[in-house]
Amino acid sequence: MIKEYKPNEIEAKWQKEWENKNIYRTENELEGKENYYVLEMFSYPSGKLHVGHLRNYTIGDAIARYKKMNGYNVLHPFGWDSFGLPAENAAIDNNVHPGEWTKKNIENMKRQLKLMGISHDWSREIATYTEEYYKWNQWFFIKMYEKGLKKKKKSYVNWCPECNTVLANEQVESGKCWRHGKTDVIQKELSQWYLKITDYADELLKGHQELRGHWPEQVLTMQKNWIGKSFGTEVDFKLPIENGDDITIPAFTTRSDTLYGVTYVVLAPEHSLVKEIILKENPSIKDAVEAMINEDKIFRTAEDKEKEGVFTGKYVINPINNELVPLWIANYVLMDYGTGAVMAVPAHDERDFAFAKKYNLPVRTVIKSLDDTQNDDTKAMTGEGILVNSSEFDGEKNTEAKIKIAEKLESIGLGKKTTNYRLHDWLISRQRYWGTPIPIIYDEDGNMHLEKIENLPVKLPSDIQFSGNGNPLETSDAFKNVILPNGKKGRRETDTMDTFFDSSWYYLRYLNPNMTEAPFDTQNANSWMPVDQYIGGIEHAVMHLLYARFFHKALRDMGLHNTNE
Ligand code: ANZ
Ligand code: ZN
């Protein structure tokens, strides 16, 4: 007997034997056996395996083997999330095509993974950078467009000067780029493609009930906070216009009970009224407004951040008592939450209090706490209590007055109850080369045309220059210039898709990795979904896991499968 364990010999021998016998190969159906799907999060082919990968794949391997020994038909596939910036940066730095860099990395990592003897079914290997895969991203894009789930919109977006591209909100962490921890994300006004994940905001929240007990509670909490559902009221403040109709400024509040305590109203510096009216009449505050817009969005609203603002010179009418209150612009109000306008109640809101003290604005108490230690005029009283200085509502409990005041506003047509979400639509366009081309063409008048399904895939061109400046796709004339079906000249969209689009449905592609007539087979999807065990890092809680849940529901509603999660 050989006493010494020689991995090179014994493992190589048995791994070869396993491969010859195809023991990890899974059929989509195996009579008499129940399916069990073990999935590890999609792997980015960075070049070399590290111990973090192995931690993940070893857990999957143990579960897959255990379930198999217990008589299940186990699916345990592997593949490559192989579009994205590092390949493009390697192209810039080392003058190698991103495709070659990616291919080489995949080969090496696959070799290393095989050495580990993990029980992956390699016959189902997929890679998102292949035409066979990204064709379906384009197909989904078109189908979602037709379903009304896509929109192009101009607004202030997150821009990473290091990545040279826009980022989704989910990819900004404390004001920095998720890939460049030291780089401040700045705001640029651009026209971009969005996927309407907000259409599913409520279902994404409700679906947590189906996931409870299966998913870590921590992930559900992170998603819940990210979606940020909040019930409140939109209160209409009127801005009187000389020789014209009043302009309505709706302000979202969760505290309609404090309406009598409003001492000023604040607009976000990006608010459309600022550009359209205020700066035209009062150009002297332009620099101050621009400085606020250029401040980092996350940093700007942090609690300890110094609040900055300017008076617009205008006054608006409080609908509950017709009082005129000054209209300000301030950095602590964001355009992309609520309506981008806030009714400020310094007596009961900490941020408003700090702002009012700094700019000498009045503070009017409208709620008295029953616990007298809370009624202290050196800070905002944010707790519950009884209304004062609130006309007919004096003496009411604030929780009850909140409903009554909202109802009164509704009855006079100057407000309505609303639900607001923190979640925004998913910005999916990227100004980069190494991703799925967006299947859109513009004609000479700027009108948009969807690429025809039979022309898919729209292939990434190879006549590209990687200079490090701008979007490399712009350097390919062959790609950019196309002829429309009507014979006229057209220009192809040069933005590519966020790679989170690719990873939002890959788990379905494993079911039918070579299928050419559809992205996956509906029956197979219905029998294999949901994935039984998913293994990966919590850093994906509000990015990948939220995007993929949304995608899954959207595909269900397109009739491609019948499961919710
Ligand atoms: C008046 C008020 C009085 C408020 C008070 C709070 C306390 P959540 O719970 O997170 O939904 N707000 C609304 N839109 C905003 C924006 N675009 N940027 C910054 N702040 C905004 O928060 C809702 C509250 O956040 C709203 O209720 C509003 O301030 C503020 F004693 O209105 B409140
Ligand atoms: Zn970056």
Side-chain angles (χ1 to χ4, degrees), residues 84-86 88-89 156 158-168 171-173 175-186 225-235 237 249-271 292 297-298 300-303 305 307 309 318 320 325 328-353 355-356 363-367 369 379-385 387 390 398-399 401-402 405-406 415 418-424 430-432:
L85 263 189
E88 209 165 317
N89 290 337
Y156 282 91
N158 308 306
W159 178 271
C160 172
E162 198 81 29
C163 294
N164 255 314
T165 180
V166 301
L167 301 173
Q171 292 163 343
V172 181
E173 293 164 357
K176 311 278 184 197
C177 169
W178 70 308
R179 284 291 172 247
H180 300 102
K182 292 199 178 100
T183 307
D184 284 332
V185 170
I186 58 171
N225 292 341
W226 188 262
I227 295 167
K229 185 174 185 175
S230 161
F231 297 100
T233 311
E234 240 171 67
V235 183
F237 289 80
I249 304 176
F252 174 74
T253 181
T254 47
R255 295 294 306 276
S256 49
D257 51 320
T258 63
L259 189 51
Y260 287 87
V262 173
T263 56
Y264 62 104
V265 166
V266 202
L267 299 176
E270 298 88 352
H271 198 285
M292 288 185 238
K297 221 163 53 175
I298 315 262
R300 160 177 144 191
T301 51
E303 241 154 73
K305 167 82 174 83
K307 315 243 166 318
N318 183 340
I320 202 79
V325 292
W328 284 67
I329 299 169
N331 64 347
Y332 71 98
V333 175
L334 291 176
M335 192 53 224
D336 56 11
Y337 190 71
T339 60
V342 169
M343 54 176 246
V345 186
H348 305 291
D349 180 275
E350 276 155 10
R351 289 171 306 176
D352 298 343
F353 187 84
F355 192 83
V363 179
R364 185 192 299 154
T365 298
V366 288
I367 300 171
S369 172
K379 62 178 199 301
M381 199 295 277
T382 57
E384 309 213 320
L387 262 63
S390 297
N398 77 300
T399 44
K402 191 167 166 169
I405 292 178
T418 53
T419 310
N420 190 52
Y421 294 92
R422 195 175 163 273
L423 179 73
H424 290 300
R430 296 291 178 278
Q431 291 67 48
R432 307 302 316 182

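First listed ligand is number 1; within each ligand, the first listed atom is number 1.
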Search all heavy atoms of P250 against all heavy atoms of A341 and return the closest pair with its distance. O-CB, 3.5 Å
For ligand 1, indicate whether the residue R351 contacts it via side chain, backbone, both or neither (heavy-atom separation under 4.0 Å). side chain
Could you tell me the residue and atom name of the protein heavy atom closest to atom 24 (C) of ligand 1, and the distance to it rounded to 0.1 Å? T254 OG1, 3.9 Å
Under 3.5 Å donor-acceptor, R179 side chain and P86 backbone: no
Atom 6 (C) of ligand 1 has as its nearest protein heavy atom D349 OD2, 3.4 Å
Between V342 and ligand 1, find which residue part has any heavy-atom pair under 4.0 Å and reply side chain, backbone, both or neither. side chain
Side chains of E234 and N420, heavy atoms from C-beta outward: is any pair under 4.5 Å? no
V345 versus D352, closest heavy-atom pair with distance: N-OD2, 2.8 Å
Can you tell me which residue and heavy atom of the protein come closest to atom 17 (N) of ligand 1, and the distance to 0.1 Å? L334 O, 2.7 Å
Please identify which atoms of ligand 1 are closer than 4.0 Å to at least one heavy atom of V333. 16 (C), 17 (N), 18 (N), 19 (C)
In terms of atom number and element, which parts of ligand 1 are under 4.0 angstrom from non-hydrogen atoms of V345? 3 (C)
I'd like to know if S230 contacts ligand 1, where contact means a heavy-atom distance under 4.0 Å to any ligand atom. yes
If you measure every N/O of H348 against every N/O of ligand 1, is any gap under 3.5 Å? no
Quick one: look at T258 and ligand 1, take heavy-atom pairs under 4.0 Å, and tell me if it's side chain, backbone, both or neither. side chain
Taking V166's backbone N and O only, do any of them form a donor-acceptor pair with Q431's side chain (distance below 3.5 Å, no angle check)? yes
Looking at atom 26 (C) of ligand 1, what's its closest protein heavy atom, distance included? F252 O, 3.6 Å
Quick check on side chain to side chain donor-acceptor pair (under 3.5 Å): which of N398, T399, T233 does D257 satisfy it with? N398
Ranked by distance from atom 33 (B) of ligand 1, the top protein heavy atom is T253 OG1, 3.6 Å
Measure from the Zn ion (ligand 2) to every N/O/S atom of H180 and report the name of the nearest one. ND1
Exercise: identify the closest heavy-atom pair between I367 and G383: CG2-O, 4.5 Å
Nearest non-hydrogen protein atom, atom 19 (C) of ligand 1: Y332 O, 3.4 Å
Under 4.5 Å between any side-chain heavy atoms of E162 and C177, yes or no? no
Relative to the ring of F355, is the ring of Y264 parallel (under 30°), tilted (30 to 60°) or perpendicular (over 60°)? parallel
Among F353, Y337, Y421, F231, whose heavy atom sits nearest atom 11 (O) of ligand 1? Y337
Residues H348 and R255: closest non-hydrogen pair is O-NH1, 4.5 Å
